[in-house]
Amino acid sequence: MKNLIIKFLTDTISYQELTTLHNWLQDPENQEYFKAMVRANEKLDLVHRPIDVEMAYKKVLSKTSKTQRSLPKRYRYPIFKYAAVAVILISTSVGLYHLVKKDEVGITGSAAETTPQITLELEDGSLLVLDEKEQTTLTNKQGDQVVSQEYDKLKYKNDGTAEGKLVYNQLTVPYGKRFTIELADGTVVFLNAGTKLRYPKVFTDPKSREVYLDGEAFFEVTENAAHPFIVHTEKMNVRVLGTQFNVSSYQNENNTSTVLVKGSVGVYRPSEAFDTEKSIIISPRQQASIQEEEFTVREVNVQKHIAWTKGQLYFVNDRFGNIVKEMERHYDIKIENNYPELNDTRYTGTFESETIEQVLNVFKRNTQFDYRIEKDKIIITTSP
């Protein structure tokens, strides 16, 4: 583990290694060891006094696209090696240091209290908590094998059963996490933060393969002309044979859409049956949305809608009001915006490994506002 701590301090740690370190730090003894190593590297003391974030911003800006409005020239200097120190400290104060004593850094977050868990509800009512570090076989109450877990992925097997009653499982992914599942027919589904997927353990319906989605997921559907694949959401159903597409339908957001990457899909209202004449058929690089019971179809930047599968925040002329919702899911934190005029400001930028503080500070360089962190909430206000 010493290796991972060194990688963290030198800003060379990968996302998977950071997750491992995060989980290791749940143990108070490990937290003390971690803090001792930081002190030994003469970095922890800097957390207790104002951080010179100017160099940190330069590094952040070098890794992100320019915002919709040009940034001042003084924030576009070349990056120097010592900029990494400030970046490490910012990341520490809002990232791993959530796991150490609150009075050590003056910033707290949801990770300091409870870590949201990925859960799998089986057909017999069993609720299993999934540990992304494990490679195991999950069983039901009777001890029967249900599904294999390979770290951050579930993999179902088609046991050859083509008849019988449909038996459903439900996978729930909380804010701040993502997960992957391979269904019994070979279809692969990537689940975004704040998503629930209900699906058959084995597809036994002779007419179709149907799943139920609340949230956002990217589907790579195995082709089977005799058994069309149908995604049910609250406001839109999506019918495909074999293709790649993204469906977003969070019940707490008034926006349901499907973006097609490859193949062809048909979308229709849940209250109606699929009809090749009446249903809307979209082509690659098109998005079908439904608002107030009306469908619209338009050309879109596909990368923007699937960047989350790579752990990226990808904004293209997006309203800040919409960006806030994505950041809440991505970082598992509540954002209270007391500056409503900011909601209509638009930004363009790509972020991958940045903390939420680093992202907000980039936005601040474009539009003046202030924010503060209170436990698991960020409060945005106007600048004095």
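The first residue of the sequence shown is numbered 1, and numbering continues consecutively from there.
- Ring geometry for Tyr168 against Tyr212 counts as perpendicular: the plane angle is over 60°, on a 0 to 90° scale with 30° as the lower cut.
- Hydrophobic clustering keeps Val189 apart from Ile230 (ILVMFWY residues linked when any side-chain heavy atoms are closer than 4.5 Å, directly or through intermediates).
- Across all their heavy atoms, Leu166 and Asp205 have their closest contact at CD2-N, 4.1 Å.
- A donor-acceptor pair under 3.5 Å is formed between the side chain of Asn140 and the backbone N or O of Asp144.
- Using cut-offs of 30° and 60° on the angle between ring planes, the pair Phe219 and Phe245 is parallel.
- Side-chain contact between Ser264 and Val240 is absent, with no heavy-atom pair separated by less than 4.5 Å.
- Met327 and Trp308 end up in different hydrophobic clusters when Ile, Leu, Val, Met, Phe, Trp and Tyr side chains are linked at under 4.5 Å.
- Glu341 and Asn343 are not linked by any side-chain donor-acceptor pair at a separation below 3.5 angstrom, with hydrogens and angles left out of the test.
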- Could you give me the CA-CA distance, side-chain angles and deciding distance for Leu154 and Leu130, then say whether side chain to side chain contact (heavy atoms under 4.5 Å, CB included) is met? CA-CA 10 Å; Leu154 292 181; Leu130 306 186; 4.1 Å; yes

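- Both the sub-6.0 Å distance and the 45° axial angle are satisfied by Arg329 relative to the ring of Tyr250.
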- prompt: Can you check side chain to side chain contact (heavy atoms under 4.5 Å, CB included) on Lys201 and Tyr156, steps first, answer last?
  reply: CA-CA 7 Å; Lys201 177 183 173 184; Tyr156 285 80; 4.1 Å; yes

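- A distance-only check finds no donor-acceptor pair linking the side chain of Thr187 to the backbone of Val221 [under 3.5 Å].
- Residue Lys153 places its NZ atom among more than 12 non-hydrogen atoms of other residues, nucleotides or ligands, all under 6.0 Å distant.
- Using a 4.5 Å cut-off on side-chain heavy atoms (C-beta onward), Val167 and Val202 make no contact.
- With contacts defined as side-chain heavy-atom distances shorter than 4.5 Å, the pair Val300/His305 qualifies.
- Using a 4.5 Å heavy-atom cutoff, the side chains of Val324 and Glu328 are in contact.
- Minimum interatomic distance between Ile306 and Thr309 (heavy atoms only, all atoms of both residues): O-OG1, 2.7 Å.
- Panel note: side chain Glu272, backbone Ser279; no donor-acceptor pair is recorded below 3.5 Å.
- Looking at heavy atoms from C-beta onward, Leu191 lies in side-chain contact with Ile181 at the 4.5 angstrom threshold.
- Although no hydrogens or angles enter the test, the distance criterion places a donor-acceptor pair under 3.5 Å between the side chain of His227 and the main chain of Pro206.
- Side-chain atoms of Thr222 come within 3.5 Å of backbone atoms of Gly186 as a donor-acceptor pair (strictly under, hydrogens ignored).
- The distance from the CG atom of Leu183 to the OH atom of Tyr199 is 7.5 Å, given to the nearest 0.5 Å.
- Using a cut-off of 4.0 Å between Lys/Arg side-chain N and Asp/Glu carboxylate O, Lys133 and Asp131 are scored as salt-bridged.
- For the atom pair Ser249 OG and His232 NE2, the distance stands at 12.5 Å (nearest 0.5 Å).
- A donor atom on one side chain and an acceptor atom on the other are found under 3.5 Å apart for Gln135 and Tyr151.
- Taking the side chain as every heavy atom from C-beta outward, Leu128 and Leu122 approach each other to under 4.5 Å.
- Under the 4.0 Å criterion applied to side-chain N and carboxylate O atoms, Arg319 and Asp344 are assigned as salt-bridge partners.
- In Glu336, the CD atom is crowded: over 12 heavy atoms of neighbouring residues, nucleotides or ligands sit closer than 6.0 Å.
- Ring planes of Phe363 and Phe351: perpendicular class, angle over 60° (limits at 30 and 60°).
- Judged purely by atom type and a 3.5 angstrom limit, Thr348 uses its side chain to pair as donor or acceptor with the backbone of Asn317.
- A salt bridge between Glu132 and Lys177 is present, with a side-chain N of the basic residue lying under 4.0 Å from a carboxylate O of the acidic one.
- Side chain of Thr195 to main chain of Glu216: a donor-acceptor pair is present (N/O by atom type, distance under 3.5 Å, no hydrogens or angles).
- Following chains of ILVMFWY side-chain contacts shorter than 4.5 Å, one cannot reach Val261 starting from Val265, and the two form parts of different hydrophobic clusters.
- Taking CG of Leu171 as the start and CZ of Arg198 as the end, the distance is 13.5 Å to the nearest 0.5 Å.
- For the side-chain contact (heavy atoms from CB on, under 4.5 Å) with Thr256, the qualifying choice from Gln291, Glu234, Gln251, Lys235 is Lys235, the only one to do so.
- The CD atom of Gln286 sits 11.0 Å away from the OG1 atom of Thr296 when rounded to the nearest 0.5 Å.
- Counting only N and O atoms by type, the side chains of Asn169 and Glu121 include no donor and acceptor under 3.5 Å apart.
- To the nearest 0.5 Å, atoms OG (Ser289) and CD (Glu294) are separated by 12.5 Å.
- Taking every heavy atom of both residues into account, Asn237 and Arg269 meet most closely at ND2-O, 4.4 Å.
- Counted within 6.0 Å of NZ on Lys196, heavy atoms from surrounding residues, nucleotides or ligands total 12 or fewer; the atom is thus considered open.
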**Report entry** side chain to side chain contact (heavy atoms under 4.5 Å, CB included) assessment of Leu360 paired with Ile356
**Finding:** CA-CA 6 Å; Leu360 287 173; Ile356 192 167; 4.3 Å; yes

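- Residues Thr172 and Leu120 form no side-chain contact, since every pair of their non-hydrogen atoms from C-beta on lies 4.5 Å or further apart.
- Side chains of Asn361 and Tyr371: a donor on one and an acceptor on the other come within 3.5 Å.
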Exercise for review: List the steps and the verdict of side chain to side chain contact (heavy atoms under 4.5 Å, CB included) for Gln312 and Gln303.
Suggested key: CA-CA 10 Å; Gln312 297 177 341; Gln303 180 59 30; 3.7 Å; yes

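- Distance check: Glu357 CD to Ile378 CD1 gives 7.0 Å after rounding to the nearest 0.5 Å.
- Val173 and Phe218 fall into different hydrophobic clusters, where Ile, Leu, Val, Met, Phe, Trp and Tyr are joined by side-chain heavy atoms under 4.5 Å apart, directly or via other members.
- Listed here is the closest heavy atom pair of Ile379 and Glu374: CD1-OE1, 3.5 Å.
- Between Tyr347 and Thr367, the side chains place a donor N or O and an acceptor N or O closer than 3.5 Å (distance only, hydrogens not considered).
- In this structure, Phe179 has its ring center no closer than 6.0 Å to that of Phe190.
- At distances below 3.5 Å, at least one donor-acceptor pair connects side-chain atoms of Glu354 with backbone N or O atoms of Glu352.
- Between the side chains of Tyr175 and Tyr331, no donor N or O sits under 3.5 Å from an acceptor N or O.
- Judged purely by distance below 3.5 Å, without hydrogens or angles, the side chains of Gln287 and Arg298 pair a donor atom with an acceptor atom.
- Heavy atoms only, all atoms of each residue included: Phe315 and Leu313 are closest at CZ-CB, 3.8 Å.
- When side chains are defined from C-beta on, Thr136 counts as touching Leu138, because their heavy atoms get closer than 4.5 Å.
- When hydrophobic clusters are built by joining Ile, Leu, Val, Met, Phe, Trp and Tyr residues whose side-chain heavy atoms come closer than 4.5 Å, directly or via intermediates, Met236 is grouped together with Val297.
- Salt-bridge check for Arg239 with Glu210: failed, with every basic side-chain N at 4.0 Å or more from each acidic carboxylate O.
- Considering Asn338, Ile335, Asp370 in turn, Ile335 is the only one that fulfils the side-chain contact (heavy atoms from CB on, under 4.5 Å) rule with Ile380.
- Closest approach of Ser383 and Gln368 over heavy atoms only: OG-C, 3.4 Å.
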